[in-house]
Amino acid sequence: MMDDELSDAYFGAVSQRWAGHRWEWRAELPCGGRRIEVTLGLRDEPPGDAAAVLAAAREPVRRILAGEPEIRRRAAAALLPAARDWTEAAAGRRAIALPKIVSDAEDIERRIVPVALHLDLTPGADGRMPGRLSYDDDKIFRGQAVHAGLAVTSAGRFTVADVGFQS
């Protein structure tokens with residue numbers, strides 16, 4: 001199905017499409033000094049009024065993007081052991097393309113940059129919407145995409161549920 005183009009006061013230009021098992025809305029918003037792709041999903045439900053769906057997503061998305069520095073800080077702290085392991089393993093193999101040495105969590109925090117936010121607007125069993133903020137790095141993790149999994153309320157309050165690598 002072709003994308004429908006919509007316009008929203010907060011999200012700007014938005015593409016809407018049926019992705020086989022869910023409705024998706026995609027836009028680009030500023031985050032972390034750059035523009036990132038924001039994807040909103042609604043599983044197995046007709047969207048009804050797309051403007052109402054986007055309006056309901058504004059506050060959760062706004063809060064997540066405003067909280068991105070703290071999310072990145074938490075992700076960096078959680079990833080520090082893995083970064084050290086990867087660096088030590090590469091040094092032990094005398095890898096030709098030795099990853100840059102990671103000194104502390106602040107080093108990771110400076111070197112990962114946000115690239116995408118995915119938010120599923122269909123609440124899970126706990127009533128919260130699952131989300132994922134994805135980051136690129138400068139080869140700390142050999143090009144693996146880093147993610148921070150989020151649990152988000154309809155009011156936009158969120159917790160970092162997990163941090164890891166996207167497969």
Side-chain angles (χ1 to χ4, degrees), residues 2-17 19 22-42 50-51 53-84 86-87 90 97-121 128-167:
M2 292 188 53
D3 291 359
D4 293 327
E5 294 297 322
L6 309 171
S7 183
D8 179 80
Y10 176 73
F11 291 103
V14 179
S15 67
Q16 171 184 280
R17 71 184 185 113
R22 60 190 262 139
W23 284 95
E24 286 186 349
W25 293 267
R26 293 177 185 254
E28 286 191 0
L29 292 174
C31 179
R34 62 189 327 183
R35 294 188 69 77
I36 69 167
E37 182 178 80
V38 175
T39 302
L40 307 170
L42 190 59
V53 172
L54 294 173
R58 283 183 198 137
E59 188 62 14
V61 169
R62 187 192 67 71
R63 285 187 179 213
I64 291 167
L65 296 182
E68 186 280 326
E70 178 60 27
I71 296 168
R72 185 170 5 115
R73 197 171 0 272
R74 288 182 185 188
L79 293 169
L80 182 59
R84 286 186 174 149
W86 286 46
T87 301
L98 183 67
K100 297 176 184 172
I101 302 299
V102 174
S103 57
D104 53 31
E106 291 80 17
D107 187 28
I108 296 172
E109 185 180 341
R110 283 187 302 274
R111 292 165 61 181
I112 60 175
V113 293
V115 292
L117 169 64
H118 299 270
L119 182 61
D120 188 339
L121 301 175
R128 297 184 298 175
M129 300 175 288
R132 182 178 70 241
L133 193 53
S134 300
Y135 293 88
D136 274 344
D137 68 11
D138 65 351
K139 306 297 183 225
I140 301 170
F141 304 106
R142 302 176 85 182
Q144 292 270 353
V146 173
H147 79 271
L150 307 170
V152 187
T153 68
S154 60
R157 291 181 184 83
F158 63 87
T159 57
V160 177
D162 65 81
V163 175
F165 302 101
Q166 286 177 225
S167 53

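Throughout, numbering of the chain's residues begins at 1 and tracks the sequence.
In this structure, the side chains of Leu40 and Val61 come closer than 4.5 Å at one or more pairs of heavy atoms. Contact of the Ile36 side chain with the Leu133 side chain is registered, since non-hydrogen atoms from C-beta on lie closer than 4.5 Å. Taking 4.5 Å as the limit, every side-chain heavy atom of Asp137 sits out of range of all side-chain heavy atoms of Leu79. Between Phe158 and Ile71 the shortest side-chain heavy-atom distance falls below 4.5 Å. The shortest distance between side-chain heavy atoms of Leu117 and Cys31 does not fall below 4.5 Å. Inter-residue side-chain proximity for Thr159 and Arg128 is flagged as met; some heavy-atom pair is nearer than 4.5 Å.
The minimum heavy-atom distance between Ala76 and Ala105, with the atom names listed, is CB-O, 3.3 Å. Residues Pro60 and Ala57 share a closest heavy-atom pair of CD-O, 3.3 Å. Heavy-atom minimum distance, Arg26 versus Glu37: NH1-OE1, 3.0 Å. Closest of all the heavy-atom pairs between Gly32 and Pro114 is CA-CG, 4.2 Å. Across every non-hydrogen atom of Pro30 and Leu65, the tightest pair is O-CD1, 3.9 Å. Taking both residues in full, the closest heavy atoms of Ser15 and Glu5 are given as CB-OE2, 3.6 Å, listed atom of the first, atom of the second, then distance.
Separating the CG atom in Leu29 from the OH atom in Tyr10 is a distance of 5.0 Å, to the nearest 0.5 Å. The distance from the OH atom of Tyr135 to the CZ atom of Arg111 is 16.0 Å, given to the nearest 0.5 Å. Rounding to the nearest 0.5 Å places CG of Asp120 at 12.5 Å from CG of Leu150. A distance of 4.0 Å separates NE2 of His147 from CG of Asp162, quoted to the nearest 0.5 Å. Between the CD1 atom in Ile64 and the CE atom in Met129 there is a gap of 7.0 Å [rounded to 0.5 Å]. In this structure, OG1 on Thr39 lies 10.0 Å from CG on Leu119, to the nearest 0.5 angstrom.
Residue pairs meeting the salt bridge (Lys or Arg N to Asp or Glu O under 4.0 Å) criterion with at least one member in residues 74-83, sequence neighbours excluded, are Glu70-Arg74.
In terms of the salt bridge (Lys or Arg N to Asp or Glu O under 4.0 Å) criterion, Glu106 has no residue partners (sequence neighbours excluded).
The side-chain contact (heavy atoms from CB on, under 4.5 Å) test with Glu24 is passed by exactly one of Arg17, Gln16, His118: Arg17.
Of the possible donor and acceptor atoms, one in the side chain of Arg35 sits under 3.5 Å from a partner among the backbone N and O of Glu28.
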